[in-house]
Protein chains: 2
Amino acid sequence: MRVRLEDVARAASVSPKTVSRVLNDEANVSDTTRKRVLAAMEAMDYRPLPSARSLAGNRSFLVAMLYDNNDNPASTYLAEIQDGVLEACDSHRYSMMVRPLRMRGDDFIRRLDALISDHHPDGIVLTPPITDYAPLLKRLRERNVPYASVSPRTRDGNIGVTMDEQQAARTIVEHLLSLGHRRIAHVEGIADHGASVWRLAGYREAMAAAGLTVDPALVVQGAFTFSSGVAAARQLFALAERPTAVFAANDDMATGVMWAANERGLKVPQDLSVCGFDDIPLASQLWPALTTIRQPSREMGKVAALQLLEVLRGRGHGQLQQMPFSLEIRGSTAPVP
Amino acid sequence: MRVRLEDVARAASVSPKTVSRVLNDEANVSDTTRKRVLAAMEAMDYRPLPSARSLAGNRSFLVAMLYDNNDNPASTYLAEIQDGVLEACDSHRYSMMVRPLRMRGDDFIRRLDALISDHHPDGIVLTPPITDYAPLLKRLRERNVPYASVSPRTRDGNIGVTMDEQQAARTIVEHLLSLGHRRIAHVEGIADHGASVWRLAGYREAMAAAGLTVDPALVVQGAFTFSSGVAAARQLFALAERPTAVFAANDDMATGVMWAANERGLKVPQDLSVCGFDDIPLASQLWPALTTIRQPSREMGKVAALQLLEVLRGRGHGQLQQMPFSLEIRGSTAPVP
DNA sequence: GTGAAAGCGCTAACAG
DNA sequence: CTGTTAGCGCTTTCAC
């Protein structure tokens, strides 16, 4: 009933080991033999049994994608990354599993260990902010589990994918400046996330380049969530001298800012310009649609996974690739009143 | 280095087979022996190797969640379902994999076969609208792959989870009626999806119960997407006699309706009441926040997976459980002007 | 209630 | 370039 490697071997008149070689793209098989074996596989619709391959070969052909479900409430951003990772894994016949890993509490190393011992992934794709937890990275290295990161905070030793977020932030703030805005506020993300650091830096850089000093009251702490955006905006609107524009460190917070503006009776963009970062689908569904930085999340997931797969397949060491961003100008930003 | 079942057996002074029995919760092990074995496992931090278990036992301990990535652009709804399924699988030490399966084209049976042959899932969780493709269900039965469904269109032979969507739709329309609305429009989802059928039926039922005849022009075709909601709303707004309220078959389309209202200069809820279905996070982030039916998606994913697991673990046949819904009244609905 | 023997389908290590 | 041999770590079958 089930076609086994041995059956293919018999059909192609070679030894099982040779079929195994062909299956695993190994060298030391003559072209004619290889073709004959491939033909037999095709003809018999042979499907190697993953468990047998794993047991004998001591590898799982499994990639695990880790995310922090603490700071990331099932966001669209992650869903897009996941999609890209899956596509990359599929293209090399690896399977993928998705795993939340709460970073809160210091037993996360134990949980990481359990994950590895229970599922034996050959490699791991890390998403922000997990990309930057030193103890976690250390443990992965100790246990010799290769990993690739999406938007890690530093380059050192990391493979995966990045985007020039600081430059992107600077670009969007320059857009506000070009509209005549001077009192531009920033709603920060969770302080130690790379994304927050870069986006804040880009904001400051653009302001400085325009010769403006940033009023400290205009930089408000947020936490990447919708409700933190609402809270931050309320704080800004209570200021004696209100900002005329707000750059929020992500779209969720920008949505919160717009919500709070509505609540306060402020018209966007007439009374207040608002912009975000990420270009989640919601951004173009708001009224007015949100001016934001488009980040090619799906592609980024794919590229990160491909770097990892290069390592897993013994094809190289993997790179840290940089992806382009784009400024999406929509209805939420307008010239200063 | 790695602790094997054999090592546990030695430590507990029993045979490997007995440890295996304990591991698999089989009968025919005395209580004392069982305890001794469990203690040894615990002490040695024994982790069975999935591939060895799969190879010998001919099962993968893998559940695959299938979704149609054609009609479902990485929606939040699916992310929540996925979360619930994952939790259920985790609780029984099963792994989970997520797989898109485009229903377009008639080679999807081939792709389904490949999926099964390549990954050998022990069971499958189906999400709408895949729950209702007869050829797919037939194939799963032929190949003897157990499955459970989230919101299947019919009860017959299905296990998993449902919600009384028709009753829910009726409830939300009754809410509009109680606000004095009479010209209530409905934006339908993709015609042959169960969700569309039920929600439309609930709408008609509520209207009929109120003694109202539905103007055919007030029922507009949509496709569950934001942009289809925009298009449907434009059509409704062009009517000689505009509706005073719109019930869209899901939140994405309701968002589109609100967007189109803004575009047209109509104030929600003063000029137009709008409501949706699902309660995706976005619903409470819009301004005004969207009145909708809350569907406990995460719980539903979990319950569906638990039914499947019951079958996989030989514990029973699984049920089709019904979950409760709730009407979330928010700012997008108000008394008729 | 417990154990001994015989594989599951594949690959590693070697030999040629 | 190709084949032989011996497992990988678990479960099955069957015996006791």
Side-chain angles (χ1 to χ4, degrees), chain A residues 1-38 40-41 44-62 93-95 117-120 122 312-314, chain B residues 1-38 40-41 44-62 93-95 117-120 122 312-314:
Chain A
M1 57 157 283
R2 145 170 296 290
V3 179
R4 289 158 311 157
L5 181 140
E6 190 192 333
D7 304 323
V8 176
R10 203 173 358 248
S13 318
V14 294
S15 75
K17 177 65 208 175
T18 297
V19 179
S20 172
R21 284 199 180 90
V22 172
L23 189 62
N24 294 292
D25 265 329
E26 283 171 28
N28 292 334
V29 182
S30 76
D31 243 36
T32 34
T33 311
R34 187 180 300 273
K35 274 190 192 110
R36 194 150 35 94
V37 171
L38 285 172
M41 284 181 169
M44 309 174 80
D45 191 30
Y46 169 65
R47 311 285 184 149
L49 192 69
S51 53
R53 240 145 78 95
S54 301
L55 181 57
N58 197 31
R59 47 210 229 121
S60 60
F61 299 93
L62 207 209
R93 305 188 136 253
Y94 271 69
S95 17
S117 306
D118 287 343
H119 301 285
H120 294 270
D122 286 341
L312 298 186
R313 308 197 318 136
Chain B
M1 57 157 278
R2 145 172 295 291
V3 180
R4 290 159 309 156
L5 181 141
E6 190 192 334
D7 305 322
V8 176
R10 202 170 2 247
S13 317
V14 293
S15 74
K17 176 63 210 177
T18 298
V19 179
S20 171
R21 285 198 180 91
V22 172
L23 189 63
N24 294 291
D25 267 330
E26 282 171 28
N28 292 334
V29 181
S30 77
D31 242 37
T32 34
T33 311
R34 186 181 299 273
K35 275 189 191 111
R36 193 149 37 93
V37 171
L38 285 172
M41 284 178 169
M44 309 175 80
D45 191 31
Y46 169 65
R47 311 284 183 149
L49 191 70
S51 53
R53 236 142 86 90
S54 301
L55 181 56
N58 197 32
R59 48 215 228 115
S60 59
F61 299 93
L62 206 211
R93 305 187 135 255
Y94 271 69
S95 17
S117 307
D118 286 343
H119 300 286
H120 293 271
D122 286 341
L312 298 188
R313 309 196 319 136

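Atom set for the values below is all heavy atoms of this structure, side chains included, hydrogens, waters and symmetry mates excluded. In what follows, chains are A, B, ... by sequence order, proteins preceding strands, each numbered from 1.
When the P atom of D:dA6 is taken as reference, atom CG of A:N58 falls 21 Å away, rounded to whole Å. Taking atom CZ of B:R47 as the reference point, atom C1' of D:dC8 lies 20 Å away to the nearest angstrom. Put simply, CG on A:N24 is 11 Å from P on C:dC10, counting in whole angstrom units. For A:L5 and C:dC8, the CG to P distance is 14 Å, given to the nearest whole Å. For B:H120 and C:dG9, the NE2 to P distance is 10 Å, given to the nearest whole Å. If you take CD of A:E26 and P of C:dC14, they are 15 Å apart, rounded to a whole angstrom. Whole-Å rounding puts the B:L23 CG to D:dT11 P distance at 5 Å. Nucleotide D:dC14 holds its P atom 16 Å from the CG atom of B:N28, rounded to whole Å.
An OP1 or OP2 oxygen of C:dG1 is reached within less than 4.0 angstrom by no side-chain nitrogen or oxygen of B:T18. For C:dG9, neither phosphate oxygen OP1 nor OP2 lies less than 4.0 angstrom from any side-chain nitrogen or oxygen of A:R53. Put simply, A:S15 has no side-chain N or O that comes within less than 4.0 Å of OP1 or OP2 on D:dT2. The side chain of A:Y46 places no N or O atom within less than 4.0 Å of a non-bridging phosphate oxygen (OP1 or OP2) of C:dG9. For the pair B:S51 and D:dG9, the criterion of a side-chain N or O lying under 4.0 Å from OP1 or OP2 is not met. The phosphate of C:dC10 (OP1 or OP2) has no side-chain N or O of A:S54 nearer than 4.0 angstrom. For D:dC1, neither phosphate oxygen OP1 nor OP2 lies less than 4.0 angstrom from any side-chain nitrogen or oxygen of A:S30.
In this structure, the side chains of A:L62 and A:D122 stay at 4.5 Å or more apart for every pair of heavy atoms.
Side chain of A:K17, nearest nucleotide from D:dG9, D:dT11, C:dT11: C:dT11. Taking only side-chain atoms of A:R21, from C-beta outward, the nucleotide of D:dT2, D:dC10, C:dT2 with the closest atom is D:dT2. You'll find that the side chain of B:L55 is closest to D:dG9, out of D:dG3, D:dC1, D:dG9.
Under a cut-off of 6.0 angstrom, the local environment of CG in A:N24 is crowded, with over 12 non-hydrogen atoms contributed by other residues, nucleotides or ligands. Surrounding CG of A:D7 are more than 12 heavy atoms belonging to other residues, nucleotides or ligands, all under 6.0 Å away.
Cation-pi geometry between A:R53 and A:F61 is satisfied (NZ or CZ under 6.0 Å from the ring centre, within 45° of the ring normal).
Looking at heavy-atom distances under 4.0 Å, A:P48 makes contact with sugar-phosphate atoms alone, never a base.
Heavy atoms only, all atoms of each residue included: B:A40 and B:A12 are closest at CB-CB, 4.0 Å.
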